[in-house]
Amino acid sequence: MIDFIKENSYNMVKMFVDQIAMTIFGTIMAIATSRSNTMLLIASIFSILFYLVVLYTVGWEIGAKDKIKLDGGRMRPFPTKGLFIALGANVPNLLLALLMGFGIAVGTEWGGNISVVCNAIARLFEGMYLGVIKVLEDTIFVDARIADVWWWFIMITIPAILVGWFSYYMGSHEKRISAFFGIKVKPNNTKN
């Protein structure tokens, strides 16, 4: 496991840095559209989809690079590698969510403080989800407390982890998602 982390730490950090870039984008979109819940929700969904496309691109490239090693016999097949890389990139998100839950379970004042601080940090790290969270808080979970919604922060990591897994699989098999939509990619012809 340690060897896996050492070999793939760059990719995990790259995915997490992409998340930070997308959280800035998502936060700006949330601020710009905050006057209308409908626009806020649309902007948040767009930010989430854009984030998942960025993750897909990174995961596909990792898989495509590994395909070369697989074809050359320098690497054994590891179909869940993308899952573990995406999971590693989401450790800070999951840790914050679990600390929120721990603080609530403890039930003391300092436990509550841990939950509040982790909630604030999680919202900063996952700014692309701010619109969805706000709309849910305003409509479905009215007057929600952290104790009621801390599990959201675990749930919102699931799409990123699944996209990491799927994109790595697609890249390691040289399959493009555009083929599912009937879009043909022209090969790169380099004539001098």
Side-chain angles (χ1 to χ4, degrees), residues 1-29 43-98 121-133 151-192:
M1 186 62 153
I2 300 293
D3 290 337
F4 178 82
I5 293 171
K6 283 181 184 177
E7 290 172 11
N8 296 288
S9 61
Y10 173 79
N11 294 323
M12 291 176 195
V13 170
K14 184 177 181 181
M15 282 186 171
F16 185 71
V17 168
D18 287 342
Q19 177 187 329
I20 297 302
M22 290 309 303
T23 197
I24 293 167
F25 175 77
T27 302
I28 291 169
M29 294 287 286
S44 185
I45 291 170
F46 174 77
S47 298
I48 293 165
L49 292 175
F50 191 37
Y51 166 58
L52 294 176
V53 167
V54 168
L55 283 182
Y56 180 87
T57 304
V58 172
W60 196 93
E61 288 175 3
I62 296 166
K65 288 178 184 175
D66 281 357
K67 176 151 180 40
I68 297 167
K69 295 175 189 173
L70 287 165
D71 291 345
R74 293 179 285 141
M75 180 179 171
R76 290 189 329 223
F78 188 3
T80 56
K81 183 176 179 179
L83 175 76
F84 288 117
I85 291 172
L87 191 60
N90 279 282
V91 163
N93 303 324
L94 294 169
L95 187 60
L96 286 168
L98 293 174
I121 295 170
R123 288 175 190 247
L124 285 174
F125 277 3
E126 297 157 6
M128 57 290 240
Y129 294 94
L130 286 178
V132 172
I133 290 171
W151 52 271
W152 289 355
F153 294 97
I154 291 176
M155 299 301 292
I156 60 180
T157 62
I158 292 172
I161 293 168
L162 292 177
V163 164
W165 186 9
F166 178 69
S167 62
Y168 177 84
Y169 171 82
M170 295 293 282
S172 65
H173 288 83
E174 282 189 345
K175 294 182 179 180
R176 297 192 182 272
I177 201 163
S178 58
F180 291 119
F181 300 109
I183 301 169
K184 295 184 180 182
V185 179
K186 292 182 180 179
N188 226 358
N189 292 333
T190 54
K191 293 183 179 179
N192 291 332

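Only a predicted model underlies this, so the values are computations on that prediction, with no experimental measurement involved.
- Note: Thr157 OG1 to Asn93 CG = 6.5 Å, rounded to the nearest 0.5 Å.
- Enclosure of atom CE in Met155 is not indicated, since only 12 or fewer non-hydrogen atoms of other residues, nucleotides or ligands lie within 6.0 angstrom.
- When all heavy atoms are compared, the tightest approach of Lys175 to Trp60 is O-NE1, 2.7 Å.
- Few gaps surround CZ on Phe78; more than 12 heavy atoms of other groups in view lie less than 6.0 Å from it.
- Using a distance-only test at 3.5 Å, with no hydrogens or angles considered, a donor-acceptor pair links the side chain of Thr23 to the main chain of Gly127.
- Note that the CG atom of Leu98 and the CD1 atom of Ile154 stand 4.5 Å from one another [nearest 0.5 Å].
- Interatomic distance, CD1 of Ile68 versus CZ of Arg74, reported as 7.5 Å (0.5 Å rounding).
- Separating the CZ atom in Phe125 from the CZ atom in Phe16 is a distance of 4.0 Å, to the nearest 0.5 Å.
- With Ser172 contributing its side chain and Asp66 its backbone, the two residues share no donor-acceptor pair below 3.5 Å.
- Here Lys67 pairs with Asp71 in a salt bridge; the nearest charged N to carboxylate O distance falls below 4.0 Å.
- Contact between Ala160 and Ala86 at its shortest, heavy atoms only, is O-CB, 3.9 Å.
- Closest non-hydrogen pair, Trp165 versus Pro79, comes out as NE1-O, 3.3 Å.
- We find the CD1-CD distance between Ile48 and Glu126 to be 10.5 Å, quoted to the nearest 0.5 Å.
- Aromatic ring pairs are classed by plane angle as parallel below 30°, tilted from 30° to 60° and perpendicular above 60°; the pair Phe50 and Phe46 is parallel.
- The two residues Ile85 and Met12 come nearest to each other via the heavy atoms O-CG, 3.5 Å.
- The two residues Arg123 and Ile133 have their closest heavy-atom pair at NH1-CG2, 3.6 Å.
- Using a 4.5 Å cut-off on side-chain heavy atoms (C-beta onward), Ile177 and Tyr56 make contact.
- To the nearest 0.5 Å, the span separating CD on Glu7 from NZ on Lys81 amounts to 7.0 Å.
- When every heavy atom of Ser47 is checked against every heavy atom of Met128, the shortest pair comes out as CB-CB, 3.7 Å.
- The shortest side-chain heavy-atom distance between Ser167 and Val58 does not fall under the 4.5 Å cut-off.
- Within the 4.5 Å cutoff, the side chain of Tyr51 has heavy atoms near those of the Tyr129 side chain.
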